[in-house]
Undergrad: 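Let me begin by handing over the structure; questions about it come next.
In what follows, every chain begins at residue 1, and chains take the letters A, B, ... in the order their sequences are listed. From a predicted model like this one, the values you see are computed outputs, not experimental measurements.
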Amino acid sequence: MKLQKPKGTRDFYPEDMAWRQHLCDAWRKVSIRNGFEQVDGPIFERLDLYKVKSGEGIVSELFHFNDRGGRGLALRPEFTPTLARMVADRASSLPRPTKWFCIPNCCRAENPQRGRLREFWQWNIDMLGIDSPVADAEAIFTAVDFFREMGLNSSHLRIKISHRQTVRHILSKLGVGDDRMLAAFELLDRRDKMEPEEFAEAAAPLGLDAASAGRFDEVCRMKYAAGRLDAMREALSIHEQIEDLAALDEQLHAFGIADWCEYDLGVVRGLAYYTGTVFEVHEATGAMRAVAGGGRYDNLIELFDGPSMPAVGFGMGDVVISLVLFDKGLIPEHLAARPDVFIVPVSDAAAARLPGVLADLRSRGLHTRFSYRSTRNLGKLLKEASSLRARYALILDDRLAEARAHLKDMESGEQEEVMLTEVATRVNSHTVVES
RNA sequence: GUGACUGUAGCUCAGUUGGUUAGAGCACGUGGUUGUGGUCCACGGGGUCGGGGGUUCGAGUCCCCUCAGUCACCCCA
């Protein structure tokens, strides 16, 4: 192939596009019923914006370029910096909390793999100006609401939750100083890929001796079901320092989503900017990369020159969730738009009248189609109507002289004579509301 | 960006130790013409075997490079 699409991108043929739209529609629907309002920003930003949060190292992961004035620009790799900029700009006039969602396409100059492409769509929801654990739980609930909407249940996915403060307390108790805390988080994030000796070696400079390092490792590998904080307290021998997690735990129960959640102190999300709750959603067998990730980032808006403003949110890419839904057989088969009416003329005379009838029905809002083939073979034309999954076939025959035609219900096979002027109301009244 | 594996029609794949005009199923198109439906029959379009170069009398089959996909690393905002 001479003209290839760029590495890591996708073409959306009608079937693919129908799925993408279906997914985005579900994201939008769920966002709205959870009280979020849609926003968007530019698809490219000034390169500097991305350095604010992620540092100079981010540049190699970006598609960036200069405009004719020499300004450094970059395609957005995520939406959060844009969001932070937008919020910082109007912070004083925004309601508290402000609940926003968006579904931007984002580009990252990474090496593509299964579940990871160079362009993807990412659902983001954020709640700003509220630091209550209710908000943390509501963010997680919104994700669960979406999963349920798509037919997933708590046996398909695990929401792994940790809390920066809780982990900080544990590390502190094991002897890690505040100045080494960030390094300790990084080590925690990488521990699964390290040999025990290697881990111990890396832990030493953090102020952890062999025994503490071993305990650190052990503690972070343990998982606790939501509601089993007592077990965690017991195992960690910390009794008073996990109020944050306890408050979240209570809310997760109140929202009825505790069965989806477990505490896993190994979840760090690699990000320096998370300040409290952090969570990741994984396929239950752990086979794939994370479906979604998020948490609380109370300092971010300030970092972008805004006021001090607490925030919590998450992001979910279209790629991994689509793989999961495909794996579970949860992608609906028929997503193409269904015609309301398929017009079938039985004669040349009737065919001559077709455009007028078609125009009328379309102007009344009906999805109306006809065949471009020259055949008058009724069987073949109905077959075409059937393969398009049309709800009704409108057969234009000799009754046309009296402005009447036969309307055939393609589901039941029943057919009745109707006046052309009645077709639209007839079809609308019979049409069952479905997505 | 580094390494490993893979690459035949839109999709799923055949293609014998290198040997003549590269096949099947599905999908797609036309026809089976006075007729009521995803069936059936016939015919047809579509591949420079990812691309380029090399070895050879001859390469889809062997070698090199390149591109893309998959996996691991990096990273995962």
Side-chain angles (χ1 to χ4, degrees), chain A residues 1-11 13-16 45 49-55 57-62 74-84 104 106-118 120 122 124 186 189-190 193-194 267-274 278 280 282 287-295 297 300 303 313-315 317 319-320 323 333-334 342 344-350 371-398 406-415:
Chain A
M1 202 192 295
K2 213 154 195 178
L3 301 171
Q4 285 182 309
K5 65 180 170 6
K7 183 200 273 209
T9 62
R10 291 166 288 176
D11 291 327
Y13 289 93
E15 209 180 287
D16 314 303
E45 288 275 8
L49 183 76
Y50 298 116
K51 295 185 189 166
V52 172
K53 175 180 144 210
S54 311
I58 194 68
V59 177
S60 66
E61 302 294 327
L62 297 177
L75 296 182
R76 61 185 172 196
E78 59 167 330
F79 190 72
T80 307
T82 300
L83 177 105
C106 300
C107 298
R108 299 178 183 177
E110 295 181 297
N111 217 354
Q113 286 180 31
R114 181 177 159 83
R116 175 188 234 182
L117 300 173
R118 289 187 162 191
F120 53 91
Q122 188 182 58
N124 292 264
E186 278 167 16
D189 196 27
R190 297 203 332 263
K193 293 170 188 165
M194 302 175 90
V267 173
V268 189
R269 299 232 16 94
L271 306 171
Y273 72 85
Y274 282 119
V278 288
E280 280 180 358
H282 287 265
M288 277 182 256
R289 62 186 69 247
V291 170
Y297 47 97
L300 193 70
L303 190 61
F314 69 82
V319 184
V320 179
L323 288 172
E333 201 177 341
H334 302 292
F342 190 92
V344 177
V346 302
S347 65
D348 291 346
S371 178
Y372 294 89
R373 298 196 292 175
S374 56
T375 182
R376 299 280 172 257
N377 184 315
L378 189 51
K380 282 199 185 300
L381 294 172
L382 286 175
K383 185 171 167 179
E384 189 173 337
S386 185
S387 71
L388 288 170
R389 303 183 69 243
R391 297 174 203 282
Y392 290 91
L394 183 66
I395 301 167
L396 304 182
D397 50 24
D398 52 5
H406 284 97
L407 186 64
K408 183 183 176 74
D409 183 325
M410 296 297 286
E411 302 268 310
S412 67
E414 284 168 24
Q415 180 171 317

Undergrad: What distance, rounded to whole Å, do you find between the two P atoms, one in A59(B) and one in G46(B)?
TA: 24 Å
Undergrad: Between G60(B) and C49(B), how far apart are the P atoms? Round to whole Å, please.
TA: 7 Å
Undergrad: Taking atom C1' in both C76(B) and G54(B), compute the distance separating them and give it to the nearest angstrom.
TA: 42 Å
Undergrad: Along nucleotides 66-72 of chain B, 5' to 3', which nucleotides get a B, which get an S, and which get a -, given that the test is a protein heavy-atom distance under 4.0 Å?
TA: -SSSSSB
Undergrad: Does U61(B) pair with anything, Watson-Crick or G-U wobble, both distances under 3.5 Å, and if so, with which nucleotide?
TA: none
Undergrad: One character per nucleotide, please: for nucleotides 31-40 of chain B, 5' to 3', B when the base has a protein heavy atom closer than 4.0 Å, S when only the sugar-phosphate does, - otherwise.
TA: -B--BBBB--
Undergrad: Between CG of Leu83(A) and CD of Glu78(A), what distance do you get to the nearest 0.5 Å?
TA: 10.0 Å
Undergrad: Taking the basic N atoms (NZ, or NE/NH1/NH2) and the acidic carboxylate oxygens, is any pair closer than 4.0 Å for Arg389(A) and Glu411(A)?
TA: no
Undergrad: Ile58(A) near the nucleic acid: base, sugar-phosphate alone, or nothing, with a heavy-atom cut-off under 4.0 Å?
TA: base
Undergrad: Please measure how far the P atom in A27(B) lies from the corresponding atom in U12(B), and state the result in whole Å.
TA: 15 Å
Undergrad: Which value, in whole Å, describes the distance between the P atoms of nucleotides G37(B) and G51(B)?
TA: 45 Å
Undergrad: Distance check, rounded to the nearest 0.5 Å: Glu61(A) atom CD versus Arg108(A) atom CZ?
TA: 9.0 Å
Undergrad: Do the side chains of Glu110(A) and Arg116(A) get close enough for a salt bridge, i.e. N-O under 4.0 angstrom?
TA: yes
Undergrad: At what distance, to the nearest 0.5 angstrom, does CG of Asp16(A) lie from CZ of Arg10(A)?
TA: 9.0 Å
Undergrad: Which base sits across from A24(B) as a Watson-Crick or G-U pair, both distances under 3.5 Å?
TA: U12(B)
Undergrad: Yes or no on salt bridge (Lys or Arg N to Asp or Glu O under 4.0 Å) for Glu280(A) and Arg289(A), after CA distance, side-chain angles and deciding distance?
TA: CA-CA 10 Å; Glu280(A) 280 180 358; Arg289(A) 62 186 69 247; over 6 Å; no
Undergrad: Is the backbone N or O of Gln122(A) less than 3.5 Å from a side-chain atom of Asn124(A), with the two atoms forming a donor-acceptor pair by type?
TA: yes
Undergrad: Checking base pairs now: Watson-Crick or wobble, both atom distances under 3.5 Å. What partners G29(B)?
TA: C43(B)
Undergrad: Do side-chain atoms of Ser387(A) reach the backbone of Glu384(A) as a donor and acceptor pair under 3.5 angstrom?
TA: yes
Undergrad: Using the C1' atom as the reference point in each nucleotide, state the distance between G3(B) and G15(B) in Å, no decimals.
TA: 32 Å
Undergrad: Could you give the distance from CG (Leu382(A)) to NZ (Lys408(A)), rounded to the nearest 0.5 Å?
TA: 6.0 Å
Undergrad: Taking the C1' atom of each, how far is C73(B) from U20(B), in whole Å?
TA: 48 Å
Undergrad: Provide the distance between the two P atoms, one in G29(B) and one in G10(B), to the nearest whole Å.
TA: 16 Å
